Structure formats: C-alpha cells, structure tokens
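The block underneath contains the structure these notes are about, expressed in structure tokens.
Per chain, numbering begins at 1; letters A, B, ... match sequence-line order. What you see is a predicted model, and the numbers here were worked out from it, not measured in a lab.
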Amino acid sequence: MKRPVLLLGLLSFCLLSFEISLLRILSLTQWYHFAYMIISIALLGFGLSGTIISLFREYFLKHISFTVSIALVLCTISIATSVHLMNLFSFDAYFILFKPAQTWKLLGLYLILLMPFLFGAFIIGLALTSKPEQVNRLYFANLIGSGIGGISALGFLTIFNLKLIPGVIALISTSVLVCIDRKKVKFIPALFFSSLIITIVFGLIKPAPLKISQYKSLSKTLLLPQAKVIAERSGPLGLYTIVESPALRYAPGLSFSFSGDVQTQLGVFHDGEWVGTISEPDDTLRTEVLKKSTFALPYLFANKKSVLILAAGTGQDVQLALSSGFTKVVAVEQSSELIHLLTESLSTVFLKDAFGTNLRKNNFIYNHPNVELYTEDARTFLEKEEGNFDLIVVPMLGGFVSSSAGMYALFEDYLFTIESFTKMFNNLSDDGVLCINTWMDYPPRRAIKLLATIVSVLRNIGTEKPENHIAAIRSWGSVTVVIKKTELNEKDLALSKKFVEENGFDWIHYPKMTEEEANIYYKLDEPVLFQACQEFLSGNEDSFYKDYIFIASPATDNKPYFSHFLKWKALKKLKKSYDTSSIPFLEWGYVVLLSTLIQAFLISIPLVVIPLLRLKKRQREKKDLMKVFFYFGGLGMGFMFVEMLLIQKFILILGKPVFSVSAVITAILVFSGFGSLISKRLIQKSPGSIFLIFIGIAILTVLNFVNANYILPLAAGYSTFLRMLTVVIFIAPLAFLMGIPFPAGLSILSEQFSESIPFAWGVNGFASVISITLATYIAVQLGFAVVLFGSLIAYLTSGLIYLRLK
Amino acid sequence: MSISFIKGGFQLKILAIFLIVSTLISSDSEKQTPQDNLAQSRAIEFRNPQKMARQRERMVETQIKRRGVKNIDVIQSMMTVQRHLFVLKKYIKEAYDDHPLPIGYGQTISQPYIVAFMTEIVEVDSGSSVLEIGTGSGYQAAVVAEIVDSVFTIEIVEELGASASKRLKELQYNNIKTKVADGYYGWHEHAPFDAIIVTAAAEHIPPPLIEQLKYGGKMIIPVGHPFFVQNLILVEKRKGKVYSKNMMPVRFVPLIGKH
C-alpha cells in the first residue's frame with residue numbers, strides 16, 4: 001500500500017455512505033425494520049473479516065498488496081451489483097413465517113450484502129495488522145472517512161436518483177485502487193479497468209430497478225384502474241409519491257350514516273406506504289365526509305379563533321379547521337419534502353395536467369391565507385412554543401394496516417409521551433381543548449394507552465376531577481379523545497351527544513356515563529375501552545397495567561415507545577388465541593429487533609471462538625486473548641451505546657431523527673479521529689493517563705445525557721444550523737476522548753502480542769453490531785437511563801482491563 | 001501486462017455471464033399467468049385427485065371443524081371446492097395448509113378457516129343472493145356458490161378479475177357472475193343483497209354498499225394485514241340504523257386478568 005491513510009479514508013467513506021444508502025433502498029423496497037435487520041447482519045462482515053485475517057494472517061501479510069487489491073475490486077463489484085443481486089431473490093418479508101424456502105432467500109440476501117462490508121473491513125483490518133506502528137493514523141483515517149461518508153450520503157440522497165447511488169459509491173471505491181503500488185501488483189490497470197467497466201455498466205448505465213414490495217400500499221394503489229404517479233420527490237427522508245386514480249377514495253372512521261358520495265382524491269405515499277390524501281379548502285363535498293368522522297368532535301364546541309395542528313401531514317385537519325371557521329390555523333409538519341410537494345411541485349404538475357381543473361395553486365391547503373405553516377417536528381415545535389391556542393389537534397398518524405401491524409413499534413415517538421402531552425396542555429388557552437386521534441385496533445391497544453397517558457397527565461397537572469374534562473368516542477376504525485382545560489359544560493355535552501347519536505358512534509367516556517351506554521353501535525366483545533377509562537379515572541391504573549394483556553402504561557421521554565405493546569409475560573396467552581406465526585403481525589418492529597439480536601449472537605459466537613481455538617495449546621496466550629476480547633468488546637459496546645444514547649437524546653433538540661443521526665455520527669467519528677491521532681503521543685508521554693481517559697468518558701457521557709435535558713429549552717428557538725452546531729460542540733470533548741482507547745489498546749498489542757490484532761478488530765466489529773441492537777432493546781424494555789448505565793459499565797470495565805493489558 | 005489484461009477480461013466475462021443468467025432466472029419468477037397455473041394444477045389433480053381430497057378432508061377436520069365452524073352447508077362446501085385449483089402453481093403443495101397464500105398483485109387467498117368463518121357468519125341459504133367485493137382468486141366466491149343461488153363478484157385489478165372469471169367458468173360455477181370494476185359502487189342492477197362479503201380490507205365502508213344491503217342482511221369486512229386477519233366486522237342493517245359488531249376470528253382469551 002502506497003498511501004494507506006488515503007486508502008483507508010476513502011474506503012471507510014464508501015462503506016459508511018453505502019450503508020446509509022442501503023438503508024434507504026431497503027426501507028423503500030421492503031420495510032424499515034427489515035432493512036435494519038438485513039443491514040445489521042451484513043455489518044457482521046466487520047467481525048467476520050477479523051476472524052478471517054486471524055486464521056490466515058501470515059499468508060495475507062506476505063502478499064499484502066495482492067490481497068488488498070483483490071479485496072478492493074471485490075468490494076467495489078459487490079457494491080455496484082448489490083441491488084441487481086438482491087433482485088434475484090424475490091424475498092417476501094412476511095411470507096417467511098409460513099414458508100421455510102424464504103429463509104434461504106433471506107440468507108442469500110444476507111450473503112450478498114455481507115460482501116461489501118466483509119471485503120472493506122478486511123482491508124481495514126489487514127492495514128491495522130500490517131502496520132501496527134501506524135495504528136493511530138490508520139484509525140484516524142478510518143474514523144474521519146466514515147464521518148465524512150455519513151454526511152455525504154445525505155448529500156448523495158439529495159442529489160442523485162436512489163438507484164444510481166451504489167454505482168456512484170462504487171466509482172469512488174474503484175478509484176481507491178490508485179493507492180496500491182503498481183510495482184508490487186502488476187495487473188492493477190487490468191483490475192482497475194474491469195472494475196470500472198462493471199461499475200459503469202451495472203451501477204450507472206443499467207442500474208438495477210428498485211422493486212417495491214407488492215404488499216406495500218403504493219404497489220397496490222398503482223394496480224387501481226388508470227392509476228398513475230403524478231408527482232414524486234426523493235430526499236434523505238425518503239421518497240414521497242402522489243398518485244391519481246378514479247378509484248382512490250379515503251375516509252377513515254367514516255360514519256355508517258353517511259349516504260353521500262366519497263369523492264376521488266389524490267393519494268400521498270411515503271416510501272411506498274400510505275400517508276393521506278390531498279385536501280383543498282374549497283372542497284365542500286370532502287368537508288362533509290370529514291364532518292361525519294369521529295375526529296370532527298372537538299370542532300363542535302372549541303372556541304374558533306386559533307388552532308394548532310401537530311403532524312399535520314397532508315392537511316386533512318387543516319381543512320376541517322378552516323371549514324369550521326377558525327381564523328388562525330397553525331400547522332406543523334416535519335417533512336419539507338412533503339410540504340414542497342404539496343405547495344410547489346404539484347402546482348406545476350397541475351398546470352400541465354388536465355386533472356388540474358379543480359385544483360389550483362392558491363387552492364392548496366397550505367397556501368390558504370389563514371394557514372401558518374411550520375416545517376418542523378411537532379415535539380420540537382412544542383418545546384419552544386408558548387402559545388395560547390383554543391384547540392390543539394393530533395391527527396391519526398400513518399396508515400390503518402401499518403399501524404395495526406405494529407410497524408412503528410420501535411420508532412422513538414416523542415409526541416406521544418407524558419411530557420409531550422403536558423406541553424400541549426401548557427399551550428392551551430384557559431378554556432382550550434386538546435384532541436388526540438388514533439386508529440382503532442383489535443384487541444384494543446393504542447386507544448387504551450392513549451387514555452392512560454391523558455389521565456396521568458391530567459393528574460400530574462393537578463386536575464381535581466379528570467373525569468369531567470374528557471369526552472372520548474369511537475367508530476369501528478378510529479378513536480377520538482377530547483380533553484377540555486375547564487370542565488365540559490352542559491352545552492358541550494349536548495352538542496357532542498347529538499353528534500354521536502346522529503353518526504352512530506360509540507361513547508368511550510363522558511362525565512357521568514354509565515356502562516349501558518358504552519357498547520351500542522359498534523359492539524366489542526366486552527366494553528374494554530370504557531372499563532379501562534373507568535379504572536384509570538378511579539386510580540386503579542397500576543393494577544390495570546399489570547393485568548392487561550398488552551402494555552398499557554404511558555410512554556415517557558425516557559422510554560418513548562408508544563407503539564410498543566407486546567408483553568413477554570402475556571405471550572403464552574396470546575399463543576392460545578393466535579398461532580405463533582400470527583403474533584409478529586401484532587408487532588413486527590419488536591419481533592424483528594429480537595430476531596436480529598438472536599441471529600447476530602448466533603453468528604458471532606462461533607466466529608469469535610474459532611480464532612480462540614487455534615491458540616488452544618498456549619494457555620498464557622489464551623488468557624491474554626480473553627483480555628483482548630473483553631477490552632475491545634467493551635470498547636465496541638461502550639462506543640455504540642453512547643452513540644445511540646446521544647442520537648436519541650438530541651432528536652428532541654434537532655427535530656428530525658436524520659439531523660440527529662448525521663450530527664451525532666459525524667461529530668463522534670470526526671472528533672474520535674482526532675483523539676486517535678494524539679493517542680500515540682499520549683501513550684509515549686504519559687502512559688498512566690490512559691485510565692483517566694476512561695473515567696473522563698464516563699463523566700462526559702453522564703454530563704451529555706443530563707445536559708440534553710437542560711440545554712434543550714435554551715437551544716430550541718434557534719435555527720437548525722445553530723442547533724446542530726450546539727450539539728456538535730457539546731459532543732466534541734466526549735468524542736475526542738472516545739477515539740483514544742481503541743488505538744491505545746492496539747499499540748500495546750503491537751508491542752507485546754501483535755498476532756492478536758485481527759482478533760481485536762473482529763471482536764470490536766461483532767460487539768459494535770450487537771450493541772446497536774442491544775441498546776435499542778434495552779431502551780424499549782428499560783429506558784435510556786439503563787442504556788446510559790450500560791455504557792458506563794462497558795467503558796469502566798475496559799478501563800480496568802487496560803490497566804492489566806500493559 | 002497483456003496477460004493480466006486477458007485475466008481481467010476473463011473475470012469480466014465470467015461476471016457478465018453470471019449476471020445475465022441470474023437476470024434470466026429472476027425474471028421468470030412472478031410472471032406466470034394464473035391461467036397457466038390452473039392448467040398445471042388440473043394436470044396435478046388429474047394425476048392425484050384422491051390425495052388432494054384427503055388433504056381437503058384433513059383441512060376441514062383440523063382447521064375448520066375444530067375451530068368451531070358448525071354450519072353443515074359451509075363444511076360441505078369447504079369439503080367440495082378444490083382449493084388447490086385456485087392457488088399459484090408453486091404453492092399447490094401448500095394449498096390446504098393453515099395459512100394464506102400469495103396470488104400476486106399484493107393479494108392473497110385467505111386462510112381456509114377465515115373463508116369458512118366469513119361464509120358461516122353471514123348466514124346465507126340456498127335462496128340468498130350474495131355480493132362479493134374483491135374476487136381475488138375466486139375461491140371465496142366458489143365456496144359461497146356451493147351454498148347459494150347466485151353470487152356476484154367484483155374485482156378491481158383487471159388481471160386478477162379476468163383469470164378468476166376464466167377459472168370459475170372452467171370449473172362450471174354458472175351461478176357466479178363476475179365483473180372487473182370499482183367495488184365502491186357495488187352492483188346496482190342486482191341489488192339488494194342478502195349478504196355482502198368484502199374481502200379487501202378497507203378503512204371505510206362505501207356508502208353504496210350499505211345501501212345495497214337488504215334490511216336484515218349482513219355484511220362482513222376483514223380488518224388487518226393481507227397475511228393476517230386480526231378482526232372481522234359484521235355490519236347489520238336494522239330499522240333504519242346500521243349496527244356493527246366485532247367478530248374476532250379467534251376465541252380470544254380475556255383481555256384483562258392475570259397473565
């Protein structure tokens with residue numbers, strides 16, 4: 001290798017940007033949680049590379065230039081052709097439960113996507129092994145390259161068509177061949193040109209089509225008569241699509257008593273899944289449909305001055321608010337892509353299209369003069385707002401099927417937490433109304449947790465008789481809960497009762513309601529929603545949480561998983577009702593997370609053990625190898641736990657997860673890189689100080705965790721850029737220290753036990769992948785505070801081992 | 001140098017051949033027409049009718065009766081209709097298994113038990129006229145057609161509708177009328193219906209369908225995922241009002257209690 005630092009930097013750049021692009025590709029063609037699983041397993045390639053180098057270390061070191069150039073070409077080709085090869089397996093994520101043949105297809109997918117990471121990590125691991133004296137510089141290149149790769153991936157996703165991105169990345173990785181000494185590997189030009197040709201042909205000229213699963217709502221909608229995509233917008237947050245078809249109608253939770261016509265509408269999709277339909281303020285027919293749905297309830301009695309609509313989406317509630325006579329409608333929607341589509345792109349489409357006769361630019365809901373639009377995350381908006389709204393609305397989010405199948409189980413949802421609802425209350429006028437909508441699911445889960453959260457919040461803020469503030473109704477498809485800051489008066493109740501009766505909805509709760517009134521038009525086996533609400537209101541929530549078959553206790557900022565309902569203890573009971581293959585459909589996210597964790601363990605254990613077995617005879621080395629295992633395993637775990645913790649904590653400040661992910665990952669990687677660079681000097685000058693570094697990491701991690709809660713309100717008012725800058729400055733010292741232990745450990749190994757370097761690299765790789773999944777699992781089960789504790793344990797353990805490593 | 005170039009070219013050729021072959025393999029998979037499948041499955045049926053009948057019998061015993069379906073007509077119909085003629089060729093072996101199967105176009109043929117449950121719950125007899133929204137493979141229509149006089153079934157996806165129509169004709173279900181159209185409007189010419197079976201999960205129930213349901217008639221709608229019906233909604237029209245009821249396809253354990 002002529003220029004190992006450049007080589008590693010570029011390669012790391014390619015690997016991280018490929019990983020992020022792959023996540024987008026798989027989230028679009030399959031689903032986010034499957035994407036997560038497939039990529040996690042593929043990343044085990046990092047660990048596997050360590051095992052392979054351990055086994056054939058001498059051979060590889062002898063032919064290093066040759067090995068590296070071949071691995072580089074294979075890495076490039078596997079990136080360029082990854083989607084082509086993936087398309088060979090028409091993998092049906094859902095069908096895997098019934099059909100074992102799908103398991104083979106899944107294994108095939110794993111293998112295909114493992115290749116780029118395996119070959120890439122192999123080169124990095126080999127470089128660290130071959131030049132141990134340069135470990136700090138090489139690791140620096142690895143971290144900085146990855147950091148820049150992460151942020152550049154977002155750029156790629158904005159500039160290029162998604163299907164071209166693997167080709168673009170492969171092109172960069174081809175160029176890495178320049179770093180190989182031509183004198184040592186004579187056929188470099190041949191390798192270069194063949195890999196270039198393959199990249200250009202399969203990556204750029206004929207890129208593989210992105211086949212969206214036939215079970216996604218976009219695929220199904222496009223099968224409707226005369227369905228066509230009329231506008232599209234792609235970006236780091238995903239692909240938004242607008243579809244037109246004369247058979248596309250949408251009216252969730254519509255009353256059975258509605259006898260009019262449900263008009264055809266334009267449908268909006270995000271990554272192939274349903275978002276909503278496009279609304280227009282002047283569409284009176286549409287307004288009639290909306291007024292016959294449960295979510296029209298608060299508009300009956302709230303004061304009609306100002307309304308705040310959080311997560312406004314395609315604007316259904318904005319339309320309802322305008323038609324109900326609100327003069328100031330504040331809408332908050334986080335997706336700038338969606339907003340752009342709804343306010344700009346569509347107008348040009350319609351000017352060209354004959355369909356535009358009844359839709360003109362000024363008529364788009366968000367262009368209405370009474371609407372104030374904020375492109376921001378709803379919770380972040382609440383943090384900085386000190387409003388005085390007559391009504392605050394949270395619409396139904398996501399699609400019916402996807403929300404009932406638990407797609408969102410593992411999304412951190414900071415909008416549906418106790419803290420968030422409290423903020424909403426604080427933003428209401430004296431007699432303001434809060435309205436939260438959700439889908440009805442079976443057996444009931446969402447609505448029950450929602451009621452639990454609302455009652456808790458009312459108690460927390462000192463409401464004397466919460467039962468007199470709540471009115472909750474349901475249709476067969478939707479649930480609407482309305483909470484008034486003052487007690488509901490006779491007039492409010494009279495209007496609501498008339499509305500419920502006319503539309504054939506059912507009551508869940510109103511002041512002084514009896515059980516006989518609970519289960520009339522849409523009959524459930526037992527009036528469980530009414531009963532749950534009664535239990536919460538009479539202070540028996542703890543025994544209800546314990547006894548209910550699903551998790552019913554409210555989500556908090558420490559455990560922001562509103563959509564996670566599966567209880568371990570209740571699994572046996574659920575199995576009596578459903579067969580085992582059906583249970584994942586109750587909560588896919590959780591099941592996939594768990595299966596990723598199990599798979600990662602099962603794959604990692606033998607691969608870690610194999611190099612250990614080779615050294616069986618030499619007892620002393622075996623003991624040392626255990627130290628290496630715990631030291632580098634602990635570092636992998638600590639690093640990933642801290643990273644995950646910071647990403648989650650800073651979502652609240654930065655709004656969109658994508659901002660948080662890119663700010664945190666880039667900051668951590670880049671500043672760790674600088675930490676790595678000084679590590680060598682530090683060891684030489686004051687070897688004793690390294691242990692202090694571990695203590696420093698622990699202290700700064702706690703400080704960051706705590707500070708995230710305090711700097712939050714301070715930073716909330718500033719622009720996104722300034723907020724990101726604040727976050728980066730906060731993270732920098734911690735990240736700097738986090739970059740030191742890994743190269744420091746390798747330096748010691750290079751002096752005393754250099755053949756174990758690939759093992760250390762592999763263990764670190766496995767531990768990193770497993771830790772990301774494990775951290776999520778711990779957060780879901782026990783909360784972020786426990787993840788914090790885990791990260792401290794990991795770093796301090798490594799620190800103690802460091803003292804004995806010397 | 002020249003040798004190394006040849007080497008490079010050789011690698012390239014192998015890769016190119018591999019990719020072309022694999023593209024060919026991949027393009028074959030989902031593109032078979034349902035008609036070919038039917039022909040194929042009939043050939044299999046011809047070869048081994050007894051085996052399929054035995055599988056059907058086992059399906060009715062273990063999946064349908066044991067879960068509590070009692071209606072004799074429904075049981076008889078499930079025993080008669082040759083489910084394996086309604087599935088894709090590659091799934092024939094699994095035709096009588098206890099789960100849904102893909103039929104292409106993002107649709108599935110429902111789990112046998114769900115088909116039986118829905119047929120039983122709408123309480124039809126020989127004189128009934130039934131509307132089905134979402135023909136799919138045509139299996140649900142065939143099961144109902146074994147019991148009632150006339151079945152009207154509408155499919156919105158043209159390819160599915162055409163192949164189901166052809167299949168039902170070949171199997172001589174003369175009391176089933178099919179059409180490819182938007183199910184939202186129902187089938188006005190043949191309304192009102194004693195029962196309406198909606199097989200496509202929907203987030204609202206089209207007002208025209210409620211209108212075309214007879215007073216005292218029943219409509220059933222599945223809720224959930226293509227691979228997993230979580231819940232069924234039974235809609236009834238009585239005395240000018242519409243009532244609905246939650247019909248869990250499974251006997252559910254008590255929701256509240258010690259777990």
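Between A:S219 and B:Y105 there is no side-chain heavy-atom pair separated by less than 4.5 Å. For the pair B:D182 and A:R249, the minimum side-chain heavy-atom distance is below 4.5 Å.
For B:V235, the part lying near chain A is the side chain, with the backbone staying farther off; criterion is any non-hydrogen pair under 4.5 Å. Interface remark: A:S259 contributes backbone atoms only to the contact with chain B (heavy atom separation under 4.5 Å). With a 4.5 Å cut-off on non-hydrogen atoms, A:F544 touches chain B through its side chain but not through its backbone. Neither the backbone nor the side chain of B:E158 comes within contact range of chain A; no heavy atom of the residue lies under 4.5 Å from a heavy atom of that chain.
The 12-atom threshold is exceeded at NZ of A:K216, counting heavy atoms of other residues, nucleotides or ligands nearer than 6.0 Å. Within a 6.0 Å sphere centred on NZ of B:K179, heavy atoms belonging to other residues, nucleotides or ligands number more than 12.
Contacts with chain A (heavy atom to heavy atom, under 4.5 Å) involve these residues of residues 204-217 of chain B, listed by number: B:H204, B:I205, B:P207, B:I210.
Options A:L223, A:D506, A:L222 differ in how many heavy-atom pairs under 4.5 Å they form with chain B, and the most are formed by A:L223. Options A:L571, A:L254, A:V201, A:V262 differ in how many heavy-atom pairs under 4.5 Å they form with chain B, and the most are formed by A:V262. With chain B as partner, the option from A:P252, A:G504, A:A208, A:A552 having the largest number of non-hydrogen pairs under 4.5 angstrom is A:P252.
Remark: A:L524 CG to B:M247 CE distance equals 12.0 Å, nearest 0.5 Å. Interatomic distance, B:L232 CG to A:Y442 OH, rounded to the nearest 0.5 Å: 10.5 Å. Rounded to the nearest 0.5 angstrom, B:Q107 CD and A:Q214 CD are separated by 8.5 Å. Once rounded to the nearest 0.5 Å, the distance linking OG of B:S244 with CD1 of A:I520 reads 12.0 Å.
Between B:I156 and A:L224 the shortest heavy-atom distance is CD1-CD2, 3.6 Å. When all heavy atoms of B:P102 and A:Y215 are compared, the pair lying nearest together is CB-OH, 3.1 Å.
Counting only N and O atoms by type, the side chains of A:D261 and B:Y184 include a donor and acceptor under 3.5 Å apart.
For B:Q140, the side-chain hydrogen bond (donor to acceptor under 3.5 Å, both in side chains) partners are B:T119, not counting sequence neighbours. Evaluation of the side chain to side chain contact (heavy atoms under 4.5 Å, CB included) rule for A:E501 yields A:Y521, B:K241 as partners, not counting sequence neighbours. Scored by the side chain to side chain contact (heavy atoms under 4.5 Å, CB included) test, B:S165 finds B:K169, B:T178 as partners (sequence neighbours excluded).
Between the side chain of A:Y522 and the backbone N or O of B:I233, no donor-acceptor pair lies under 3.5 Å.
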